[in-house]
Amino acid sequence: MRINRALRLGIGAIALTLATATATACGGGSDNSALDNAKGGKLTIGIKFDQPGVGLRDKDGTYSGFDVEIARYVAEKLGVQPDGITFKEAPSGQRETLIENGQVDYIVASYTINDARKQKVDFAGPYYVAGQSLLVRSDNTDINGPDDLKGKKVCSVKGSTPAQNIEKSYPDTQLQTNDTYSLCLEGLRAGSWDALTTDDTILAGYAAQSNGALKVVGKKFTEEPYGIGLKKGDQELRDKVNDAIEAMIADGSWQKAFDKTLGVSGYQAPEAPKVDRY
Ligand code: GLU
């Protein structure tokens, strides 16, 4: 009897372990569609946690930035109030996986729409067009654009379009990739790298926070149309999110969101883009 019971308990434990392992392998995400979750008043949204002006988690646990404003506006149009939103960090190299595994309902995280990513996820938007640029220490005088990067140590982030662009178009650069831009930022300040490259939106926030220690140089040298990443094939969700972006631009909320986030660092608002219903 006792052996039987121990055996049963053992099998139970193994079954439990397997169930947990399966959930973890699937990313622990829910099988519900984003719109089902929204109907229940809850959404999990991927944003950046370390990009002031774009997507930031403050020390007190509050969230701010242009992407956060976009995420909240869209959520509200889907029937979800701010207190029904759980923000989840979505580092550049993990965004497609987070969407594919259902760990987030959608992602608003300085996420460039491109064909390679469209193989795995769909995009609503664009809601903004940024461009790649360079951040250097303020005493730097020899880097003024991407053509000056030859032999220079430049930091960017794994899985980001700026890192891919440097590898492809400026192969003489000594590119180093980290998981997050904040790691690049520390290294730039400490002198480990000569420059940090990513979108001008993100760099403007870092420069503004640096008390004059860092500056953005040169003109933007790519176009980075930001989209809201969502599960591939969820046409209903994509249509609703596109409607929400258009409404946000039309009713003035887009401009207001810009002015209180990216606009604060003195960065000039470009025209709002036209949503692409591909
Ligand atoms: N927009 C670029 C990208 O999606 C760079 C910014 C980022 O890494 O989030 O890769």
Side-chain angles (χ1 to χ4, degrees), residues 45-57 63-71 87-100 103-104 106-135 146 149 154-170 173 175-188 193 195-207 216 218-230 232 245 258 261-262 265 267 270 273 276:
I45 306 175
I47 59 162
K48 291 297 179 67
F49 276 13
D50 63 349
Q51 298 176 184
V54 179
L56 184 73
R57 185 182 194 277
Y63 299 94
S64 64
F66 189 63
D67 282 347
V68 172
E69 298 295 323
I70 301 273
F87 285 114
K88 192 174 170 65
E89 187 171 21
S92 301
Q94 293 176 29
R95 290 174 293 199
E96 288 84 51
T97 311
L98 286 167
I99 294 170
E100 288 176 305
Q103 287 166 284
V104 292
Y106 55 82
I107 285 186
V108 195
S110 56
Y111 199 5
T112 296
I113 303 171
N114 66 26
D115 288 341
R117 291 172 179 168
K118 276 193 204 163
Q119 308 272 319
K120 297 180 172 172
V121 300
D122 270 332
F123 288 99
Y127 62 89
Y128 193 84
V129 183
Q132 184 171 357
S133 197
L134 297 166
L135 184 74
L149 295 180
V154 177
C155 190
S156 196
V157 162
K158 289 189 185 102
S160 72
T161 49
Q164 287 158 10
N165 183 38
I166 293 292
E167 273 169 359
K168 193 172 139 247
S169 305
Y170 304 93
T173 306
L175 178 71
Q176 184 112 26
T177 51
N178 274 317
D179 285 332
T180 61
Y181 292 110
S182 33
L183 286 169
C184 283
L185 192 64
E186 272 172 43
L188 177 67
W193 293 294
L196 191 176
T197 187
T198 187
D199 302 339
D200 53 351
T201 43
I202 302 168
L203 299 181
Y206 290 149
V216 181
K219 295 198 186 83
K220 46 185 188 180
F221 51 97
T222 64
E223 282 219 329
E224 307 290 331
Y226 286 176
I228 299 186
L230 37 90
K232 195 166 172 58
I245 295 169
F258 181 91
T261 57
L262 289 171
S265 60
Y267 180 93
D276 172 19

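Any value given below was found using the heavy atoms of this structure, including those in side chains, with hydrogens, waters and symmetry copies removed. Not measured: the values here are computed from a predicted model. In each ligand, atom 1 is the first atom listed, and ligand 1 is the first ligand listed. Note that the numbering runs from 1 along the sequence shown for the chain.
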Which one holds for [X] and ligand 1: side chain close, backbone close, both close, or neither close, with close meaning a heavy atom under 4.0 Å?
X: Ala109; answer: backbone
X: Arg95; answer: side chain
X: Gln132; answer: neither
X: Ile202; answer: side chain

In ligand 1, which numbered atoms sit nearer than 4.0 Å to a non-hydrogen atom of [X]?
X: Ser160; value: 8 (O), 10 (O)
X: Arg117; value: 3 (C), 4 (O), 10 (O)
X: Pro162; value: 2 (C), 5 (C), 10 (O)
X: Thr198; value: 5 (C), 6 (C)
X: Tyr111; value: 4 (O)
X: Ser92; value: 7 (C), 8 (O), 9 (O)
X: Tyr226; value: 1 (N)

Among protein heavy atoms, which lies nearest [atom], and at what distance?
atom: atom 5 (C) of ligand 1; answer: Asp199 OD2, 3.3 Å
atom: atom 9 (O) of ligand 1; answer: Lys48 NZ, 2.5 Å
atom: atom 2 (C) of ligand 1; answer: Thr161 OG1, 3.2 Å

| With no hydrogens and no angle check, do the side chains of Glu224 and Thr161 hold a donor and an acceptor under 3.5 Å apart? | yes
| message | Any donor-acceptor pair under 3.5 Å linking the side-chain atoms of Asp67 with those of Tyr226? | response | no
Where is the tightest heavy-atom contact between [X] and [Y], given as atom of each residue plus distance?
X: Leu149; Y: Val154; result: CD2-CG2, 3.8 Å
X: Gly218; Y: Ser133; result: O-OG, 4.1 Å
X: Phe258; Y: Pro270; result: CE1-CD, 4.3 Å

| Criterion side chain to side chain donor-acceptor pair (under 3.5 Å) on Lys120 and Thr97, from CA distance to verdict | CA-CA 9 Å; Lys120 297 180 172 172; Thr97 311; over 6 Å; no
| query | Is there a donor-acceptor pair closer than 3.5 Å between any side-chain N or O of Arg95 and the backbone N or O of Gly229? | reply | no
| task | Establish, yes or no, whether a centroid distance under 6.0 Å links the rings of Phe49 and Phe87. | result | no
| query | So do Asp50 and Tyr206 actually touch side chain to side chain, heavy atoms under 4.5 Å? | reply | yes
